[in-house]
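This report concerns only the one structure given below.
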Amino acid sequence: MPVQLQRIFLVFLGFIVLFFIAKHFLTADTFGQYGHYRGASLEENKQHVAKYVDQETCADCHQEIVDLAEQGLHDIVKCQICHGPGYLHIDTTNYTELKVIDTRKYCGTCHNLHPARPADEVAQIRLTEHKEDEDKCINCHNPHEPWLDLD
Amino acid sequence: MVRFRLNDPKSRRKFLKDSGKVAGAILLTSMAGSVNGLLFATKEPKGDEPWYGIGIDIEKCIGCGNCVKACKIENDVPLEPFFFRTWVEQYTIKNDGTLVVESPNGGFDGFSQTVAEEDIFKSFFVPKMCNHCYNSPCEKACPTGASYRSPEGVVLIDEKYCIGCRYCIQACPYGCRYVHPVKKVVDKCTLCYHRITKGLNPACVANCPTGARIFGDLHDEEGELVAFLKEHYCHVLKPHLNTGSKLFYNGLSQEVR
């Protein structure tokens, strides 16, 4: 083999060795652990705080009201849909009251008459025509037992 | 050194033979490639490991937007109306056959009626989110390995490895990705990975007041999702793209894209 080729091969070999050394230091430890990604990223994705707590957590303190709601038409409507996420409400060091959304408009997101809303899924009224002088739906309807209060 | 002498009949024959071999090899590999692609489409991992998917019952969705709200709160998604991990679209087919698709603020504040009632032939809501494809185009487009599929079949982002090149946003056929305006990295639905690994349902599923969203393990034959898939005629979005979507819709009209 001509001498100039030998030198070029040596230079190439040097580059290849350099590449592997650089790759060793620049690649994260867990890269390739499960696939072509950083394995530690799975753990990082798990670290996020779960803000909406389990329905059982609500029932730990508010068993009566959970039972009441589960007997009525709102049985499938979970507490935190209207009451908001409960993770700070159960935090002893950083306790926060929940803010319930009780506006006519909010009730209307489910119950205002809408042509795309399946009629058999949810009771619907025209918000603009139904008791428009009442400022809140919950004046008459208890959201935990929506129909039982009316007489 | 070997020299080609094209005038020599032997070497000419050899040249033709070799060319034939090369052409044949190229033809065979190209055919094997497409066959391999077909095999890949059906090669979903089987086993005892969880393999998560979502079912959506369009016939139950009332378009209240609680899933959109819960997702934004749970995952700190910016409240501006163009960043969504999940959103709801309203499809309205008019009597004259034209289609109106709208999604005011992604359905965050619910829907108000825009098309006159007498013009409507059919109208329905379609919740959308990441399809968590097992043959995902976004993951393939990522140059750094920041977009990946977890062993449970959830497509996730490695925020430390994402360089914000936006290739994956262009690659996703369902429009499920965006660049987070503060973090400057790509953000998307994680199927609430932090919740499902703790045994909780994803925030959108947990906060659906009609049970229109079903989360479950596709490998669990007794599970809720498998039962939903058995009992309904389910379709995925854009099946011709062979993305291997794991977001199954019941009652999906062909108008939905």
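What you are looking at is a predicted structure, and each value in this text was computed from that prediction instead of being measured.
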Practice prompt. Give, as side chain, backbone, both or neither, the part of A:P115 having an atom under 4.5 angstrom from any heavy atom of chain B.
Written response: both

Practice prompt. Name the region of A:A40, side chain, backbone, both or neither, that has any atom closer than 4.5 Å to a heavy atom of chain B.
Written response: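 Neither part, no heavy atoms under 4.5 Å.
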
Discussion item. If I compare all heavy atoms of B:C61 with all of A:P118, which pair ends up nearest, and what's the gap?
Written reply: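 Shortest heavy-atom separation between B:C61 and A:P118 comes out as O-CD, 3.2 Å.
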
Worksheet entry | Heavy-atom closest contact (B:C208 atom, A:I81 atom, distance) |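 So the minimum-distance heavy-atom pair works out to C-CD1, 4.1 Å.
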
Highest number of heavy-atom pairs under 4.5 Å with chain A: which of [options]?
| options | result |
| --- | --- |
| B:A70, B:A203, B:G199 | B:A70 |
| B:L156, B:I120, B:I196 | B:L156 |
| B:C192, B:A212, B:G110, B:G145 | B:G145 |

Taking atom types as modelled, which donor-acceptor pairs link chain A and chain B at under 3.5 angstrom?
| unit_1 | atom_1 | unit_2 | atom_2 | d |
| --- | --- | --- | --- | --- |
| A:A28 | N | B:Y161 | OH | 3.4 |
| A:R38 | NE | B:D158 | OD2 | 2.8 |
| A:R38 | NH2 | B:D158 | OD1 | 2.8 |
| A:R38 | NH2 | B:D158 | OD2 | 3.3 |
| A:S41 | OG | B:Y148 | OH | 2.6 |
| A:E44 | OE2 | B:K160 | NZ | 3.2 |
| A:N45 | ND2 | B:Y148 | OH | 3.3 |
| A:N45 | ND2 | B:I157 | O | 3.2 |
| A:H48 | NE2 | B:E74 | O | 2.9 |
| A:K51 | N | B:E74 | OE1 | 3.1 |
| A:K51 | N | B:E74 | OE2 | 3.1 |
| A:K51 | NZ | B:I73 | O | 3.1 |
| A:K51 | NZ | B:D76 | OD1 | 2.5 |
| A:Y52 | N | B:E74 | OE1 | 3.0 |
| A:Y52 | O | B:R195 | NH1 | 2.6 |
| A:Y52 | O | B:R195 | NH2 | 3.2 |
| A:Y106 | OH | B:N66 | OD1 | 2.7 |
| A:R117 | NE | B:I62 | O | 2.7 |
| A:R117 | NH2 | B:I62 | O | 3.4 |

Worksheet item: Side chain, backbone, both or neither: which part of B:L200 has an atom under 4.5 Å from a heavy atom of chain A?
Response: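 For B:L200, the side chain is the part near chain A, not the backbone.
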
Worksheet entry | Residue A:Y95 excluded, over 12 heavy atoms near OH under 6.0 Å | yes

Worksheet item: Should we say atom CD of A:E64 is surrounded by more than 12 heavy atoms from elsewhere, each under 6.0 Å from it?
Response: no

